Number of protein chains: 2
Amino acid sequence: MTTIRDVAKKAGVSVATVSRFLNGNGYVSQEAATAVKAAVEELNYELNTVARSLTTKKSNLIGLILPDITNPFFPELARAVEDVALTYGYTVVLCNSDEDPKKEKNYIETLKKKYIAGFIVTSNQLDAPHYANLKLPVVALDRVINEQIPTVVSNNRQGGFMGAQALVDRGSKNLLFLRGPEEFGSANDRYIGFGEAMEKNSVAYETVFCPFHFAEAENIVEQYLHDNKDIDGIFASSDVQAAGALKAAHNLGLAVPKDLQIIGFDGISMGEMLTPALTTVAQDIYKMGAIAARVLIKQIEGQPIENFMNEIPVNLVVRGTTKGAVT
Amino acid sequence: MTTIRDVAKKAGVSVATVSRFLNGNGYVSQEAATAVKAAVEELNYELNTVARSLTTKKSNLIGLILPDITNPFFPELARAVEDVALTYGYTVVLCNSDEDPKKEKNYIETLKKKYIAGFIVTSNQLDAPHYANLKLPVVALDRVINEQIPTVVSNNRQGGFMGAQALVDRGSKNLLFLRGPEEFGSANDRYIGFGEAMEKNSVAYETVFCPFHFAEAENIVEQYLHDNKDIDGIFASSDVQAAGALKAAHNLGLAVPKDLQIIGFDGISMGEMLTPALTTVAQDIYKMGAIAARVLIKQIEGQPIENFMNEIPVNLVVRGTTKGAVT
DNA sequence: ATATTATGTGTAACCGGTTACACATTACGG
DNA sequence: CCGTAATGTGTAACCGGTTACACATAATAT
């Protein structure tokens with residue numbers, strides 16, 4: 001392995017000069033620069049990032065903490081983060097927290113020892129002060145941790161409103177809202193938006209808590225529909241829930257969208273695979289991930305961050321689980 | 001940050017002794033051991049893995065190279081790898097290769113500079129010698145690279161046979177086999193197994209190449225079914241293809257499983273969400289990932305590897321896209 | 001009793017970078 | 001023309017571990 005000293009010798013300068021050239025800081029004369037450049041090329045020198053990390057206490061590693069990569073929402077997010085990270089020369093370490101604070105903490109500790117450059121957090125098991133005390137750049141993705149931490153979220157409230165309104169516009173008169181986990185802020189915003197739409201239109205509705213889990217959603221909805229035959233529209237806080245609801249409807253022999261309309265939330269690609277294909281309030285998942293990565297990298301590189309709150313617009317994707325709008 | 005020297009001073013021994021104690025190699029007396037242990041606890045000392053990496057030229061990083069985490073087969077695999085890695089103290093770096101040799105190579109180079117401990121490869125864009133020349137532990141997952149590289153794959157051939165046989169047993173007389181990408185060995189094995197079943201039973205069948213992509217599968221199958229009304233059974237080489245086929249059947253108004261039976265391959269959880277739920281030849285995806293991780297770690301830690309070829313059994317999961325067996 | 005081996009420990013070099021500091025030279029302002 | 005600032009460079013310490021080697025002592029073998 002060629003080291004910086006080999007390069008220095010070959011170029012006839014000191015290691016300090018080589019280092020300065022490589023990092024583009026301090027003064028380096030034209031002559032020295034060309035000599036070093038030539039030596040680097042000739043020797044095929046590549047900088048040892050581990051050695052650099054040891055002195056600088058920095059690395060080009062980014063931690064992406066998410067609840068579970070197996071949940072189909074997250075791979076798309078992870079993909080975006082990774083793509084952007086790669087173009088800026090960062091490497092992503094994936095951390096499945098399983099919503100377990102111990103696991104999350106453990107990852108954070110392990111990676112801090114590696115001088116990780118920063119974290120993107122889509123799972124907040126730890127309390128806000130903990131992230132603040134990290135003394136590391138952090139970006140909250142898909143949820144809000146606090147105002148000091150740059151955040152990237154969808155316009156969940158507007159999405160909640162849109163989905164509800166879309167159902168009403170298409171003639172649903174008795175809605176069921178599948179509310180997400182209470183401790184998950186973004187799900188609450190969707191609920192608020194839903195509530196606003198309900199206030200505006202006067203239709204009957206019920207709300208049921210439901211985890212973001214297919215089989216549980218299927219059970220909950222099947223039971224509910226069995227007991228409440230008049231429901232003609234379901235708005236789910238996530239596509240996975242909506243898939244469960246659709247399944248439940250099928251189990252009960254309900255015609256979707258004729259007897260029952262369903263709208264999901266997320267816009268994951270699985271929605272298209274269902275029959276009928278899922279109408280959904282689509283988040284721009286890729287964009288969320290990409291922006292989160294960029295904001296984190298800005299922080300890492302000490303650039304000023306203009307917006308601490310990045311709210312990404314959502315849009316209604318009308319597919320088969322809703323009727324054509326009744327205008 | 002407390003260093004090994006702080007510990008040494010506190011314990012009244014040399015850094016060498018502390019290091020030996022910490023790594024459990026070399027001789028350390030009882031007295032020294034207890035003194036060091038106490039000092040470590042008191043100072044809350046944590047070893048700096050970067051510094052260690054610099055000297056040992058090793059790390060506890062594992063690279064997981066896969067084509068695209070967005071493909072629903074891979075998150076389950078990645079999850080298993082990560083779970084196992086974590087319990088052994090390794091950290092996983094996810095690398096989306098996009099089936100692009102340049103990207104794959106780039107990742108490998110970047111991570112080698114970080115003294116990565118080894119790779120699990122589920123995407124082989126590079127030729128076999130390239131992996132061999134890595135001089136690093138490598139495990140091939142879900143595909144075979146060569147005989148020198150430990151491998152974890154499903155029993156794809158048997159799975160191909162099982163799926164085909166299941167269709168025949170359930171009364172399909174005119175089969176369509178959706179063959180996966182030709183350059184993907186595991187898909188070919190499935191094809192071979194399918195062929196063996198065809199040889200054994202005398203039923204008519206056709207084979208069509210089809211990428212592992214929902215929308216393309218949907219198009220290909222819809223076109224094919226439109227032109228060949230007599231097809232009454234489809235065996236897809238992946239669940240994503242099968243989902244496309246199911247969608248195509250719905251588009252054409254075909255009753256599944258009455259008019260057309262469909263069997264997929266993989267056993268990803270999406271299969272349950274479809275209606276009817278997908279009958280599939282399920283791979284034990286989690287087990288594959290878990291074993292791959294264990295085999296890699298064994299290699300890394302210099303333990304002998306008994307099996308270079310780990311073939312994981314598959315099993316038929318009968319759900320709604322097939323009829324009850326005609327016995 | 002002596003040779004040999006096993007046990008135990010410390011010093012200092014090393015891994016491959018970064019950078020504070022000292023020093024030299026050149027440019028520039030008044 | 002001289003003081004000061006800007007430019008340019010090298011030496012050597014440092015980051016926080018590991019380990020070769022030298023040395024000392026205790027245990028065992030002959």
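Because the structure is predicted, anything quoted here is derived from the model rather than measured. Below, read A as the first sequence line, B as the second, and so on, with proteins coming before strands; counting in each chain starts at 1.
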- Item | B:Gln30 atom CD, over 12 foreign heavy atoms within 6.0 Å | no
- Task: Count the heavy atoms of every other residue, nucleotide or ligand shown that sit under 6.0 Å from NZ of B:Lys9, and state whether that count exceeds 12.
- Result: no
- Considering heavy-atom distances to DNA chain C, does B:Arg20 or A:Thr55 have its closest nucleotide positioned more toward the 5' end? B:Arg20
- Message: I want to confirm an ordering. Mapping B:Ala32 and A:Thr2 to their closest nucleotides on DNA chain C, which one lands closer to the 5' end?
- Response: B:Ala32
- Would B:Glu306 and B:Lys298 pass as an ion pair if we require N to O under 4.0 Å? yes
- Message: Check this for me, if you would: do B:Asp83 and B:Arg79 make a salt bridge, where the nitrogen-to-carboxylate-oxygen distance has to be below 4.0 angstrom?
- Response: yes
Remember a base hit wins even if backbone is also touched, and classify [X] as base, sugar-phosphate or nothing at under 4.0 Å, heavy atoms.
X	result
B:Glu46	sugar-phosphate
A:Glu31	nothing
A:Tyr45	sugar-phosphate

- side chain to side chain contact (heavy atoms under 4.5 Å, CB included) with A:Glu104: of A:Asn106, A:Asp100, A:Ile108, only one passes, and it is A:Ile108
- Note on the structure: Partner of B:Val13 under side chain to side chain contact (heavy atoms under 4.5 Å, CB included), picked from B:Val18, B:Val7, B:Val28, is B:Val18
- Query: Within the pair A:Tyr27 and D:dT7, is there a side-chain N or O less than 4.0 Å away from OP1 or OP2?
  - Reply: yes
- Sidechain-backbone polar pair: A:Asp142 side chain, A:Thr122 backbone, donor-acceptor under 3.5 Å: no
- Query: When you measure from every atom of DNA chain C, which of residues 8-19 of chain B have a heavy atom less than 4.0 Å away?
  - Reply: B:Gly12, B:Val13, B:Ser14, B:Val15, B:Ala16, B:Thr17
- Note on the structure: Separation of D:dG8 atom C1' from A:Asn25 atom CG, nearest Å, is 13 Å
- Item | First and last nucleotide of DNA chain C, 5' to 3', lying under 4.0 Å from heavy atoms of chain A | C:dG16 to C:dT19
- Return the minimal non-hydrogen interatomic distance between B:Ser154 and B:Glu311, and the atom names on each side. O-CG, 3.8 Å
